[in-house]
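As structure tokens, the structure follows; a few thoughts come after it.
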Amino acid sequence: MSTADAARRDWQERIYQASGEVTPVGEIPLPAPEGLRADPGAGHVTLTWEPVPGAIGYLVQRDGESVKQPDVDVPAVPECRYVDTGQGPAAYTVAAIAAMEVTGAFCAPVRAAPLSGPAAVTVVVDADRVTRALPRPWTPMIGSEHLSYMLSEDTTGGRPIGAELTAALRTMREEFGVETVRAHAILCDDLGVYKEVEGAAVYDFTQVDRVYDTIMEFGLRPVVELGYMPRDLATDPSKTVFGYEAIISPPKDFEAWSDLVRALVEHLAERYGIQELIERWSFEVWNEANLAVFWSGTPEEYFLLYDVTAAAVKNVHPDLRVGGPSSAANGWVEELLAHVAESGAALDFVSTHTYGNAPLDWRPALARHGREGVPIWWTEWGPTPTHFHGIGDGPFGATFLLHGMKAAAGRIEALSHWVASDHFEELGRPPRLFHGGFGLLTVGNLRKPRYHALTLAHRLGDEELAARAEGDAGGVEVWAARHDDGRIGVLIWNGTLNQAQADGAADLARTVTLSIPGLAGEHVVTHHRIDERHTNIRAVWQAMGGGDWPAGGQWDELAAADTLDELTPPARVSGALTLEFDLPMPGVSFVELTPA
């Protein structure tokens, strides 16, 4: 094992160690869910149950053990439906959760076993019934490696880091309309914001200006994650994280930290305008302080940091937005809500993170604390929290992204994919083109299947249409919408949360019949596809022989092959549409009807 691989393994073993004990939340009694059904289908068992008031999510057990994946930080699901794939006969039970580590009673077990295939699904879209304006939870925010990386003149794989990261962020703005970018380390010493000279604080925001000027040139605004700690202000500068040695220590002087935050915000207000900051910027207190790897202090020190930081931001202007806890795996949300109720600190948004699953629904917890309507921002989310994990590079990542976005649509304000680009160096720079990076785009800005899935979601119209999947659906989901000009887009995908099946499962393949009754006139029908053989740049590279990095003209060859593929040529139809096709797992189909 190489030194780099050993370091990465050590990181993964340490990452979810808590940074300290917090005061227990206490009892929040929730009854056991009622009406649990376990319906067997080809390759799966679909569990459904009745909602429990006050629940933020549900924990599913299989034969007495929580159903979870090896690379998922929160196994609970937000909805009253779970599709269990790749397992044999089992007894299933479900419990509601009110907060992390606060689980209600489990219901009585129900036994079921998967069936063998093949199977069929009918997808019906009602082109005349609009359900709501289509929510787009990907638009408010995207994640990025520390923004000073845009200033880098180094290369990875022969590609320019700074220029490509900047181009990737520009692409997020131009193609998806993304409004803000969240990144770490704006207060780190590589930007030189804070020094002490003969005991006096000296601020220099010149490099911060370079970073923020760059993203603002193409219309992005920052979510200013206030961290990490400048060396001269740290209690213990030896406590660091990542290859770039971000200091995770509490401040040696909380008043000096407050002064730094206030000085930064005042500088930003002077440079960009206070109304600009009020309307389009926000300030988040630290990153994942509930993990020891990101915060060497106690929970009490973090909550003090939160109070001091929020006060410093509000001291510049009371309408500036500040929030947190910016926690890993849904942690400390309930605890921060309880804390600010006592301390009186401002909380303009709640932010947390999760990986490998759809985000939970924190609205009942906010209501319980009298904070209904406070925005919920998932400032990090993606298929895996693990660096150099391969599941996000192929079509599995595409179906995961669509499942999460649709599940979150309409109940949260932002679901920020972590991250835009594989130009990322937390645990070392990418060792090869397809290395399991977090990015929607590779080094070289090739578009992964996840990126194309987001393209298709963004291509849906503004009016969401009633749609349903009937028959042995399993992991088949549908999302449909209509444009003002009469175009109709229908996204159908076939996925699973079972990472062991990321490369496919024959039992989960489906024959899909898409039905759109009630259409009048002629339409041109196009059908785009993401699967192992279509819109999959990783497979193109493997067919070219693979290896670590392209050389010479291979970059141009890959760029030419980096397309959104059509499954069939466009066709003209008159009246109602019935379209039959096979849909593998994982696989995505996008059927678009344009008035002729």
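Atom-to-atom distance recorded for H423:NE2 and T155:OG1 is 9.0 Å, nearest 0.5 angstrom. How far CG of N498 is from OG1 of T85: 4.0 Å, rounded to the nearest 0.5 Å. For the atom pair CG (L454) and CZ (R459), the distance works out to 13.5 Å, reported to the nearest 0.5 Å. Once rounded to the nearest 0.5 Å, the distance linking CG of L460 with CG of L134 reads 6.0 Å. Rounding to the nearest 0.5 angstrom, the gap separating the CG atom in L47 from the SG atom in C80 is 11.5 Å. Expressed to the nearest 0.5 Å, how far CG of D422 lies from CG of L441 amounts to 8.0 Å.
Looking at heavy atoms from C-beta onward, L564 lies in side-chain contact with L456 at the 4.5 angstrom threshold. Counting heavy atoms from C-beta on, the side chains of I142 and H417 come closer than 4.5 Å. Side chains of M150 and I215 form a contact here, defined as non-hydrogen atoms less than 4.5 Å apart. With contacts defined as side-chain heavy-atom distances shorter than 4.5 Å, the pair M405/W381 qualifies. For the pair N536/I530, no side-chain contact is recorded, criterion being any heavy-atom separation below 4.5 Å from C-beta on. At a threshold of 4.5 Å between non-hydrogen side-chain atoms, the residues W378 and W418 do not count as touching. Proximity of V512 to S589: side-chain heavy atoms (C-beta onward) are nowhere separated by under 4.5 Å. Counting heavy atoms from C-beta on, the side chains of L401 and L440 come closer than 4.5 Å.
Counted within 6.0 Å of CG on D503, heavy atoms from surrounding residues, nucleotides or ligands total 12 or fewer; the atom is thus considered open. Counting heavy-atom neighbours within 6.0 Å of R411 CZ, excluding the residue itself, gives a total above 12. The neighbour count for K406 NZ, taken as heavy atoms of other residues, nucleotides or ligands under 6.0 Å away, is above 12.
Judged by distance alone, the side chains of Y92 and Q87 never bring a donor and an acceptor atom under 3.5 Å apart.
Between R81 and E477 there is no salt bridge, since no side-chain N of the basic residue sits under 4.0 Å from a carboxylate O of the acidic one. Under 4.0 Å is where a charged nitrogen must lie from a carboxylate oxygen, and between R529 and D565 no such pair does.
Judged purely by atom type and a 3.5 angstrom limit, K448 uses its side chain to pair as donor or acceptor with the backbone of G439. Put simply, the side chain of D562 gets close to the backbone of R447: a donor and an acceptor are under 3.5 Å apart. Remark: side-chain polar atoms of N357 are paired, donor with acceptor, to backbone N or O of P75 under 3.5 angstrom. Counting only distance, with no hydrogens or angles, the side chain of S152 and the backbone of S148 share no donor-acceptor pair below 3.5 Å. The main-chain N or O of E426 is found under 3.5 Å from a side-chain atom of E145 such that the two form a donor-acceptor pair. Between the E164 side chain and the G444 main chain, a donor and an acceptor come within less than 3.5 Å of each other. For the pair E413 (side chain) and I376 (backbone), a donor-acceptor distance under 3.5 Å is present. A donor-acceptor distance shorter than 3.5 angstrom exists from the side chain of D63 to the backbone of A91, with no hydrogens or angles considered. Checked by atom type and distance alone, the side chain of R132 never pairs as donor or acceptor with a backbone atom of E464 at under 3.5 Å. Under a 3.5 Å cut-off, the side chain of R173 and the backbone N or O of V178 do form a donor-acceptor pair.
Across all non-hydrogen atoms, the minimal contact from H435 to L433 is ND1-O, 3.5 Å. Closest of all the heavy-atom pairs between I488 and A127 is CD1-CB, 3.7 Å. Closest approach of R450 to F438, counting heavy atoms only: NH1-O, 3.0 Å. Closest of all the heavy-atom pairs between G43 and L508 is O-CD2, 3.4 Å. Closest of all the heavy-atom pairs between A112 and V45 is CB-CG1, 3.8 Å. The minimum heavy-atom distance linking A42 with A119 is given by the pair CB-CB, 3.7 Å.
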May I have the step-by-step check of side-chain contact (heavy atoms from CB on, under 4.5 Å) for Q501 and F396, ending in yes or no? CA-CA 9 Å; Q501 296 174 305; F396 177 90; over 6 Å; no
Verify side-chain hydrogen bond (donor to acceptor under 3.5 Å, both in side chains) between E284 and T379, making sure each step is shown before the conclusion. CA-CA 10 Å; E284 189 180 37; T379 51; 3.0 Å; yes
Step-by-step side-chain contact (heavy atoms from CB on, under 4.5 Å) determination, L360 to T352: CA-CA 10 Å; L360 298 181; T352 188; over 6 Å; no
Checking side-chain hydrogen bond (donor to acceptor under 3.5 Å, both in side chains) for the pair T578/S515: CA distance, chi angles, key distance, verdict? CA-CA 5 Å; T578 300; S515 174; 4.7 Å; no
Test T156 against D154 for side-chain contact (heavy atoms from CB on, under 4.5 Å), laying out the working first. CA-CA 7 Å; T156 292; D154 292 348; over 6 Å; no
Going through the checks in order, is the side-chain contact (heavy atoms from CB on, under 4.5 Å) test met by L567 and H534? CA-CA 8 Å; L567 184 66; H534 301 88; 3.8 Å; yes
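In this structure, F242 and Y228 have perpendicular ring planes: the angle between them is above 60°, well past the 30° mark. Classified by interplanar angle (parallel below 30°, tilted 30° to 60°, perpendicular above 60°), the ring pair W138/W479 is perpendicular. Between H387 and F424, the ring-plane angle classifies as tilted under the 30° and 60° cut-offs.
If you look at H403 and F400, their ring centroids are not closer than 6.0 Å. Aromatic ring centroids of Y58 and W49 lie under 6.0 Å apart.
Checked against H44 for a side chain to side chain donor-acceptor pair (under 3.5 Å), the options D507, D472, D84 give a single hit: D472.
Remark: R182 is not positioned above the aromatic ring of W377, lacking an NZ or CZ atom under 6.0 angstrom from the ring centre and at most 45 degrees off the axis.
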